[in-house]
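Everything on this sheet refers to the single structure shown next.
We name chains A, B, ... by the order of the sequence lines, and we start the count at 1 in each one. Excluded from the calculations below are hydrogen atoms, water molecules and symmetry mates; all remaining heavy atoms, backbone and side chain alike, are included.
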Amino acid sequence: MSSFTLPHSSPSCSVKLTPDLSQDQLLSFPAFQNWISTLQHSLSQQKSKDHAFYSSPYQLRSIDIQSVDFFGGGRLGFVKLKADISNDDGEKLPGSVFLRGGSVGMLLIIQPDDEPEGADGEKYVILTLQPRIPAGSLSMVELPAGMLDDSGTFSGGAAKEIKEETGLEVPESQLVDLTKLALEDVDQKSGERLQNATYSSPGGSDEFLPLFLHQRRMPRSQIQELQGKLTGLRDDGEKITLKIVPLNELWREGARDAKTLSALALYQGLKLKGKL
Amino acid sequence: MNGISPEIGAKLPEFELDVFAYPVKVQLTPDVTKDELCKFPPFELWINTLKKSFDHQASRPRHPFHDKPYRLCGIRILSVSRFGARLGFVHLHADIRNEENKELPGAVFLRGGTVAVLPILRPRDSVDERWVVMTLQARVPAGSLSFMEIPAGMTDDDKDMGKSGIKAAQEMKEETGLEIRRDELIDLTGLALQDALAPESKHLERAMYPSPGGCDEFMRLYLWEKEMDRQEIEDLKGRLTGLRTQKEMIEIRLCRYEELWREGTRDAKTLAAWALYEGLKRAGKL
């Protein structure tokens, strides 16, 4: 089992690899790069006299890669590791991490164009339905998730399906970054540099999702047509399909999905503050 | 992986799971036995939930995968973590494909159920004032030494919902020092999903899934709302704020209810609890 010393680590942090993972692969894995730099920066804040751990700071001493999983094309997908982060008194922080990086969530709201823009009464939200093996389900209702491609456009399987079925494409200029907006006036007192995003399960995973909003007005007849079309769509073996729900019912329809509830909370909160 | 243990060149242990209508080969790592894995509650629950979902493919003619159902062709355990001797986390890969060799993403991080509490304190002398008890603790996966969340923890028994309420009360006591009774907790996720009868998801947990694309975790969100004399809250503030229990290393903060969604923007469960609380209130269910 090979190991190497993490570059720029002080104290020296040794990283133990698995046979199916090279030093290069790990160091160029964006999720690992991001996690390490965020962690190291947070650890450096302990130097400040008013930091809770100032008198007995924690240090990253070693990392043990336990297992990795690759995507079909050979790209690194998931890394399970154990980090030894302890202080000189031998106190340790829970160091089990499921590393997978971030993606983005999209709150896509459509509204009949004969309604006043500000009214939430007749708004609808587009959700996805797809197999989620970790949840043991072949049909999980979720907020569309994906990535922002190089041009800042929402992309990925959900985006593709949305474009195919509704014709909607969402470029960066038409996106509102809800998480960034919500965090605008929040004082990051800790000095840490966390993502402007929602962390899905910070006790076990690095996963974070910036949540975006896109609102589109369209003729009422088009929305009705869409509703009819999508109801019949799930018969043809498509892995990912869409569902339209009234915004007022989103909290209930999306109650199993953390991203749906999170995006809804931010939307409602920002509306209350007059920021949307 | 070709089934050869990298360390000693010997074949990795395997067994056949007989939960499905067909045998499923499970490849283990040298540090976990068939018995341990099969008795690991999250694994048991995941396998049974998956089976029910897969069975729907055949039993429901209108199921999208009815004509070309997916099968669980194999499971590879990639690594396990333990809490002492007990299994804690299992990283595995499930090989799932249909007759056309179309695959479903099979990366799975198994860790079981969790609970969280939205603890709201109301001063008796005010109509609208509310405070939420929040925790601040190191969360290494997020790269933070000071992450703000509503109190949360892991459950040891996923099958018993009654037990998860007890666990929630225990976590609250451990993390905040507040004594809460099981009957003072309201199951927000349970209430919200009460009427969720869609056949394809009826068998899923009445809980929120933080990351269903990679992890089995399902979280029951509870509400604990308590009226207190203002002085009691002030005393609590003084007592709890800034208190760091050496063992748990958790700091407590009181957050104004109106600021909850902003202070908790980075924490999915805080936002989710707020959305459910607000939704249920508006629907007259709280």
Side-chain angles (χ1 to χ4, degrees), chain A residues 19 35 38-39 42 52-53 66-67 69 77-78 80 82-83 85 93-98 100 131-140 142 179 182-183 186 190 192 194 197-207 234-238 251-252 255-258 261-262 264-266 268-269, chain B residues 6 46 49-50 53 56 62 64-65 67-68 78-79 81 89 91 93-94 96 104-109 111 138-147 189 192-193 196 200-201 204 208-217 244 251 261-263 265-269 271-272 274-276 278-279:
Chain A
W35 172 68
T38 305
L39 180 64
S42 296
F53 301 144
Q66 297 172 283
S67 50
D69 206 348
F78 308 88
K80 172 72 181 46
K82 262 206 198 136
I85 302 177
L93 295 179
S96 238
V97 183
F98 187 55
R100 54 168 307 177
R132 289 302 205 183
I133 297 303
S137 168
L138 288 176
S139 184
M140 198 91 188
E142 294 171 82
T179 28
L183 289 166
V186 177
S190 64
E192 294 184 343
L194 302 183
T198 299
Y199 285 74
S200 55
S201 191
S205 171
D206 69 324
E207 191 187 31
R234 254 230 119 174
D235 298 329
D236 66 354
E238 287 264 358
W251 65 276
R252 205 198 310 256
R256 279 198 176 93
D257 181 39
L261 293 176
S262 297
L264 180 62
L266 292 180
Q268 289 174 332
Chain B
W46 173 67
T49 308
L50 200 63
S53 295
H56 288 162
R62 292 207 68 210
F65 307 148
D67 294 337
K68 292 171 196 162
L78 300 175
S79 72
S81 287
F89 304 130
H91 182 203
H93 188 95
I96 295 175
L104 291 179
V108 181
F109 183 52
R111 53 167 306 178
R139 290 301 203 182
V140 170
S144 171
L145 295 179
S146 183
F147 199 88
T189 33
L193 290 163
E200 64 268 6
S201 51
L204 298 181
M208 181 197 79
Y209 289 72
S211 186
C215 185
D216 72 325
E217 184 184 2
R244 187 173 289 275
E251 194 177 324
W261 64 273
R262 282 205 318 151
E263 292 291 328
T265 296
R266 287 199 173 90
D267 183 40
K269 57 186 174 297
L271 292 179
W274 188 70
L276 287 181
E278 288 284 318

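Every side-chain contact (heavy atoms from CB on, under 4.5 Å) that B/S81 has, sequence neighbours left out, goes to A/Q66, A/K80, A/K82, A/S96, B/F89. Remark: B/A107 pairs with A/D69, A/F78 by the side-chain contact (heavy atoms from CB on, under 4.5 Å) rule, at least two apart or across chains.
B/D216 contributes a side-chain N or O that, together with a main-chain N or O of B/R111, makes up a donor-acceptor pair within less than 3.5 Å. A donor-acceptor pair is defined here as one N or O able to donate and one able to accept, closer than 3.5 Å; such a pair exists between the side chain of A/D206 and the backbone of A/R100. With A/E192 contributing its side chain and B/L145 its backbone, the two residues share a donor-acceptor pair below 3.5 Å.
In terms of non-hydrogen atom pairs under 4.5 Å with chain A, the most contact-rich of B/P210, B/P212, B/S53, B/A142 is B/P212. Per-residue counts of heavy-atom pairs under 4.5 Å with chain B were compared for A/V97, A/L183, A/I85, A/T179; the largest is that of A/L183. Note on B/G213, B/S201, B/P105: by heavy-atom pairs under 4.5 Å with chain A, the leading option is B/G213. With chain A as partner, the option from B/S211, B/P141, B/A94, B/G143 having the largest number of non-hydrogen pairs under 4.5 angstrom is B/P141. Contacts with chain B were tallied for A/L264, A/L261, A/V186; A/L261 has the most, counting heavy-atom pairs under 4.5 Å. Among A/L39, A/L266, A/L93, A/I133, the residue making the largest number of heavy-atom pairs under 4.5 Å with chain B is A/I133. Ranked by heavy-atom pairs shorter than 4.5 Å toward chain B, the options A/P202, A/P134, A/A258 are led by A/P134. Put simply, of A/A83, A/S190, A/S201, A/G203, the one with the most heavy-atom pairs under 4.5 Å next to chain B is A/G203.
Looking at B/Y209 and A/D257, their side chains never come closer than 4.5 Å, going by heavy atoms from C-beta outward.
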Fill in: Candidate pair A/L138 and B/H56, rule side chain to side chain contact (heavy atoms under 4.5 Å, CB included), full reasoning
CA-CA 9 Å; A/L138 288 176; B/H56 288 162; over 6 Å; no
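Using a 4.0 Å cut-off between charged side-chain N and carboxylate O, A/R256 and A/E142 make no salt bridge.
For A/A182, the parts lying under 4.5 angstrom from a heavy atom of chain B are both the backbone and the side chain. With a 4.5 Å cut-off on non-hydrogen atoms, A/L194 touches chain B through its backbone and its side chain both. Heavy-atom distances place both the backbone and the side chain of B/L204 under 4.5 Å from chain A. The part of A/S205 that comes within reach of chain B is its backbone (N, CA, C, O), which places non-hydrogen atoms under 4.5 angstrom from that chain.
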